[in-house]
Amino acid sequence: MKKIVFALLIGLSFIGTAQTKSELQNHYEAYYKQMRLQGDVNGIINALTHLNILNPSEQRKDTLAYIYANDNKHMQALNTIGIEKKDSDSDLAVQVKAISLKALNQPKRAIEQFEVLYLRNPNPFLAYELADLKIQIGDPNAAMGNIDYGIANAKEDMKYAFYERQQPYEVPLKAAFLHLKGLVTFNLDRDNIDGALTYMNEALLLDPNFNLASLSKQALENKKNPPVAAPEPEVPAKKGKKKKN
């Protein structure tokens with residue numbers, strides 16, 4: 001009899017636990033939906049974290065990491081999904097790793113993830129990210145392949161945003177690639193300033209307000225024709241005092 005009562009108690013405790021877990025999950029699912037309606041990022045993160053504890057899910061974890069990254073919390077994003085290159089990662093997970101590693105100034109690791117995305121779905125935007133990162137790590141030859149692909153495949157309606165000024169601005173993606181090609185041309189041959197300037201001018205033809213291309217063009221022109229330093233003014237010789245006889 002005691003054994004039967006004990007077994008019943010154990011069974012009831014499992015039922016109670018299951019009900020509590022189910023109730024909590026329903027609560028946080030409703031909470032998640034409400035936070036999304038309100039646009040409350042912290043609330044969404046809180047809800048997804050609880051849901052992932054109650055019922056772990058790779059898809060939910062990837063979503064949580066994406067929300068962290070989209071909120072510029074890149075370290076938290078990577079702590080959620082890791083930084084390892086994994087073939088089993090979803091496109092969303094690879095994207096989060098790529099943009100977060102780039103934001104945290106880890107270009108070599110970021111390239112690994114962008115290469116995965118590029119192999120899965122090659123497009124000019126990914127090619128630009130790869131070219132830019134390869135220039136940063138001092139691999140202009142590898143960058144040139146991505147640049148040539150981008151110039152050939154960038155469409156007129158494709159834009160790329162730059163943030164080096166106080167006010168961000170967009171330029172045609174093809175112009176952005178031409179600017180990179182000018183930089184790489186100069187990096188590969190420091191004497192080929194005219195070749196580099198050709199690409200800068202092409203970029204500016206597509207968008208005369210491309211500030212970064214204007215700055216690069218000016219720097220190249222200064223290297224080609226260094227400004228002549230103004231002669232230093234002559235200091236008049238001091239006149240000695242006449243000695244009295």
Side-chain angles (χ1 to χ4, degrees), residues 66-67 69-72 74 77 85 89-189 192-221:
Y66 174 78
I67 292 168
N70 204 43
D71 199 37
N72 291 320
H74 297 289
K85 179 182 173 184
D89 275 343
S90 68
D91 288 350
L92 183 60
V94 181
Q95 180 185 346
V96 169
K97 290 178 181 181
I99 61 176
S100 291
L101 287 165
K102 178 185 175 182
L104 294 172
N105 198 28
Q106 297 290 321
K108 288 185 178 179
R109 289 182 180 273
I111 286 171
E112 287 184 351
Q113 303 297 335
F114 276 116
E115 290 282 16
V116 172
L117 287 175
Y118 188 74
L119 286 171
R120 293 181 183 183
N121 180 30
N123 66 72
F125 290 103
L126 290 174
Y128 185 88
E129 296 297 342
L130 283 166
D132 188 34
L133 288 166
K134 287 173 183 177
I135 291 170
Q136 289 182 37
I137 65 168
D139 193 358
N141 286 302
M144 191 64 89
N146 297 120
I147 291 167
D148 288 338
Y149 169 88
I151 291 173
N153 291 278
K155 294 181 171 50
E156 289 184 8
D157 61 341
M158 292 179 174
K159 304 286 184 181
Y160 193 85
F162 287 89
Y163 301 89
E164 88 277 359
R165 294 193 309 191
Q166 189 171 2
Q167 185 67 34
Y169 63 98
E170 288 186 334
V171 303
L173 182 58
K174 187 174 181 179
F177 274 114
L178 287 166
H179 173 251
L180 287 187
K181 188 156 189 175
L183 294 179
V184 171
T185 299
F186 177 70
N187 285 336
L188 291 173
D189 182 359
N192 189 15
I193 295 176
D194 287 335
L197 282 169
T198 298
Y199 294 115
M200 297 303 173
N201 287 328
E202 286 184 31
L204 289 166
L205 276 175
L206 290 175
D207 191 335
N209 297 316
F210 189 174
N211 183 62
L212 195 56
S214 295
L215 294 173
S216 297
K217 178 182 176 181
Q218 184 179 354
L220 288 167
E221 287 176 338

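Residues: numbered from 1 along the sequence shown.
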Tyr66, OH: over 12 other non-hydrogen atoms inside 6.0 angstrom
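No, the 6.0 Å shell around OH holds no more than 12 heavy atoms from other groups.
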Side-chain polar contacts of residues 123-138 - donor-acceptor pairs under 3.5 angstrom, sequence neighbours left out - could you list them?
{"unit_1": "Asn123", "atom_1": "OD1", "unit_2": "Phe125", "atom_2": "N", "d": "3.0"}
{"unit_1": "Asn123", "atom_1": "OD1", "unit_2": "Leu126", "atom_2": "N", "d": "3.0"}
{"unit_1": "Asn123", "atom_1": "ND2", "unit_2": "Asn121", "atom_2": "O", "d": "3.1"}
{"unit_1": "Glu129", "atom_1": "OE1", "unit_2": "Lys102", "atom_2": "NZ", "d": "2.4"}
{"unit_1": "Glu129", "atom_1": "OE2", "unit_2": "Tyr160", "atom_2": "OH", "d": "3.1"}
{"unit_1": "Lys134", "atom_1": "NZ", "unit_2": "Glu115", "atom_2": "OE2", "d": "3.1"}
{"unit_1": "Lys134", "atom_1": "NZ", "unit_2": "Asn146", "atom_2": "OD1", "d": "2.8"}

So which heavy atom on [X] is nearest to which on [Y], and how close?
{"X": "Ala196", "Y": "Thr185", "value": "N-CG2, 3.8 Å"}
{"X": "Leu183", "Y": "Ser216", "value": "CD2-OG, 4.0 Å"}
{"X": "Met158", "Y": "Ala154", "value": "SD-CA, 3.9 Å"}
{"X": "Asp91", "Y": "Leu117", "value": "O-CD2, 3.7 Å"}
{"X": "Ala213", "Y": "Met200", "value": "O-SD, 4.3 Å"}

Evaluate the criterion side chain to side chain contact (heavy atoms under 4.5 Å, CB included) for residue pair Met144 and Leu188; output intermediate values, then yes/no.
CA-CA 10 Å; Met144 191 64 89; Leu188 291 173; 4.2 Å; yes
In the structure I gave you, are the side-chain heavy atoms of His74 and Asn72 within less than 4.5 Å of one another anywhere?
yes
Listing, residues 201-210 side-chain donor-acceptor contacts under 3.5 Å, not counting sequence neighbours, or none:
{"unit_1": "Asn201", "atom_1": "OD1", "unit_2": "Lys217", "atom_2": "NZ", "d": "2.9"}
{"unit_1": "Asn201", "atom_1": "ND2", "unit_2": "Leu197", "atom_2": "O", "d": "3.2"}
{"unit_1": "Asp207", "atom_1": "OD1", "unit_2": "Asn209", "atom_2": "N", "d": "2.9"}

Spacing of Asp148 atom CG and Asn153 atom CG [to the nearest 0.5 Å]:
10.5 Å
Let me have the donor-acceptor pairs involving side chains of residues 169-178, under 3.5 Å, with sequence neighbours excluded, atom names and distances please.
{"unit_1": "Tyr169", "atom_1": "OH", "unit_2": "Glu164", "atom_2": "OE1", "d": "3.3"}
{"unit_1": "Tyr169", "atom_1": "OH", "unit_2": "Glu164", "atom_2": "OE2", "d": "2.6"}
{"unit_1": "Tyr169", "atom_1": "OH", "unit_2": "Leu212", "atom_2": "N", "d": "3.1"}

Which of Lys97, Gln113, Arg109 passes side chain to side chain contact (heavy atoms under 4.5 Å, CB included) with Lys85? Answer is Gln113
